[in-house]
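Worksheet: the structure to be examined is printed underneath.
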There are 2 protein chains.
Amino acid sequence: MCQLTGYTGAMRSDTSPWLDDRQQRVWRQWLQSNARLTAALARQLSQDSGTSLADFEVLVHLSESPEGRVRIVQLADTLQWERSRLSHHLTRMEKRGLVERQGCTEDGRGAYAVLTDEGRVLIEQVAPGHARTVRDLFFGELTDDELAALDRFTAGLLARLDQR
Amino acid sequence: MCQLTGYTGAMRSDTSPWLDDRQQRVWRQWLQSNARLTAALARQLSQDSGTSLADFEVLVHLSESPEGRVRIVQLADTLQWERSRLSHHLTRMEKRGLVERQGCTEDGRGAYAVLTDEGRVLIEQVAPGHARTVRDLFFGELTDDELAALDRFTAGLLARLDQR
DNA sequence: GCCAAGTTGTTGACGTGTCACCAACGTTAG
DNA sequence: CTAACGTTGGTGACACGTCAACAACTTGGC
């Protein structure tokens with residue numbers, strides 16, 4: 001995804017922008033595994049319950065909050081979504097009866113997203129299958145050392161991304 | 001993204017579907033780093049050249065093929081895209097002058113996607129910046145051992161995904 | 001109290017991805 | 001040959017994400 005034929009050999013050096021062969025392979029594996037893992041999880045959710053990964057994230061965050069209620073700003077912050085995206089998404093989920101909106105008495109501008117009973121039933125039905133899929137596909141039979149190494153890598157990657 | 005409050009302690013066991021605390025942390029880190037890495041790469045491409053990650057993938061695959069020409073089916077297979085998605089995307093890129101379509105003499109049904117001169121200029125301008133961003137953000141200052149560990153993990157993950 | 005500036009949430013327009021369907025063509029069995 | 005079937009690529013409808021703009025509200029300085 002990142003290397004043009006012909007430049008490979010000629011331009012490789014410490015100061016060139018290119019990736020070496022091993023980096024190349026790892027990078028493409030990362031892209032591939034990501035795409036396919038996401039697709040597998042989405043398929044599993046969709047088949048089991050007709051929900052998308054986005055729906056699932058919203059439902060989980062609501063269900064983890066007291067009374068299944070979260071201020072919409074805070075939800076957008078946590079999910080790292082744009083407000084308008086969340087607003088559109090809540091509208092769609094509201095139509096399906098999974099969430100509701102409530103006005104906010106403390107701040108006249110604000111609003112809460114609230115999990116409905118139907119939404120809570122759904123998330124409790126769906127979560128175990130999702131967790132199992134993640135465990136089987138993502139973690140597999142990793143050893144403790146391998147898990148620790150992965151932990152260090154993702155933590156380091158996040159730190160690098162934070163620096164920007 | 002995968003654990004409902006309240007179930008955490010009670011249901012953890014070898015046969016339960018849930019993730020333990022460390023798996024939980026690593027999984028959320030993986031999701032986070034993915035989302036943010038993708039966003040960073042997209043931002044870089046968009047600012048530098050007005051292209052999306054999807055545009056970039058198409059351009060790279062075309063530029064890596066002889067005469068910048070690939071059968072559309074094959075391109076869809078390589079990218080793991082739906083044909084209709086690729087068809088729509090090629091239409092949009094065609095309007096911007098980055099690619100063209102050519103009929104196929106060997107197979108009357110078939111068609112080629114062809115890189116235009118303009119498209120080739122663009123990809124050659126954009127690729128170095130992209131590669132540099134990947135190297136800086138994704139690989140950072142990884143040691144050889146860390147890189148090898150990452151290689152093993154992504155390879156294993158892909159193998160697990162293939163088994164399905 | 002009052003005005004300027006910032007915050008919260010929503011909306012509409014637009015670009016893009018997915019799905020179902022279709023036309024055109026190739027391939028193969030009879 | 002031809003009828004049946006699979007393949008290739010395209011189209012329209014719809015779902016979704018982003019952006020710009022907006023109304024309603026709060027906050028802080030005066």
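Because the structure is predicted, anything quoted here is derived from the model rather than measured. Naming convention: chains lettered A, B, ... in sequence-line order (proteins, then strands); numbering from 1 in each chain.
- Between the CG atom of Leu75(A) and the C1' atom of dT10(C) there is a distance of 16 Å, given to the nearest Å.
- Counting to the nearest Å, the C1' atom of dT8(D) and the CD atom of Gln74(B) are 14 Å from each other.
- The shortest distance between the side-chain N/O atoms of Arg83(B) and the OP1/OP2 oxygens of dT8(D) is below 4.0 Å.
- Contact of the Met93(B) side chain with the Leu59(B) side chain is registered, since non-hydrogen atoms from C-beta on lie closer than 4.5 Å.
- Contact of the Leu122(A) side chain with the Ser49(A) side chain is registered, since non-hydrogen atoms from C-beta on lie closer than 4.5 Å.
- Taking 4.0 Å as the cut-off between side-chain N and carboxylate O, Asp55(A) and Arg96(A) count as a salt-bridged pair.
- The side chain of Arg71(A) approaches dT8(C) more closely than any other nucleotide in the set dA20(C), dT8(C), dT8(D).
- Between Asp144(B) and Arg22(A) there is a salt bridge, with a side-chain nitrogen of the basic residue lying less than 4.0 Å from a carboxylate oxygen of the acidic one.
- Following rounding to the nearest Å, Glu82(A) (CD) and dT7(C) (P) show an atom-to-atom distance of 16 Å.
- In this structure, Leu79(A) atom CG and dC16(D) atom P are separated by 15 Å, rounded to whole Å.
- Between Arg160(A) and Asp136(B) there is no salt bridge, since none of the side-chain N atoms of the basic residue sits less than 4.0 Å from a carboxylate O of the acidic one.
- Atom pair Ile72(A):CD1 and dT7(C):C1' shows a separation of 14 Å (rounding to whole Å applied).
- Using a 4.5 Å heavy-atom threshold, the side chains of Trp18(A) and Pro128(B) count as touching.
- When the side-chain nitrogen and oxygen atoms of Arg109(A) are compared with OP1 and OP2 of dG6(C), none of them lie within a distance under 4.0 Å.
- By the 4.5 Å heavy-atom criterion applied to side chains, Leu62(A) and Val114(A) are not counted as neighbours.
- Residue Arg85(B) places at least one side-chain N or O closer than 4.0 Å to OP1 or OP2 of dG17(C).
- Looking only at atom types and distance, the side chain of Arg69(B) has a donor-acceptor partner in the side chain of Gln102(B) under 3.5 Å away.
- For the pair Trp81(A) CH2 and dC16(D) P, the computed distance is 10 Å after rounding to whole Å.
- Out of dT18(D), dG9(D), dG9(C), the shortest distance to the side chain of Ala111(A) is found at dG9(C).
- For the OP1/OP2 pair of dG17(D) and a distance below 4.0 Å, the side-chain nitrogens and oxygens of His89(A) include at least one atom meeting the criterion.
- Residues from residues 37-53 of chain B lying near DNA chain D, meaning a heavy-atom separation below 4.0 Å, are absent.
- Less than 4.0 Å separates DNA chain C from at least one heavy atom of each of the following residues of residues 92-107 of chain B: Arg92(B), Asp107(B).
- Between Leu86(B) atom CG and dT16(C) atom C1' the separation is 14 Å, expressed in whole Å.
- For dG12(D), the base has a donor-acceptor partner in the side chain of His88(B) [N/O atoms by modelled type, under 3.5 angstrom].
- Phe153(B) and Phe139(A) have their aromatic ring centers separated by at least 6.0 angstrom.
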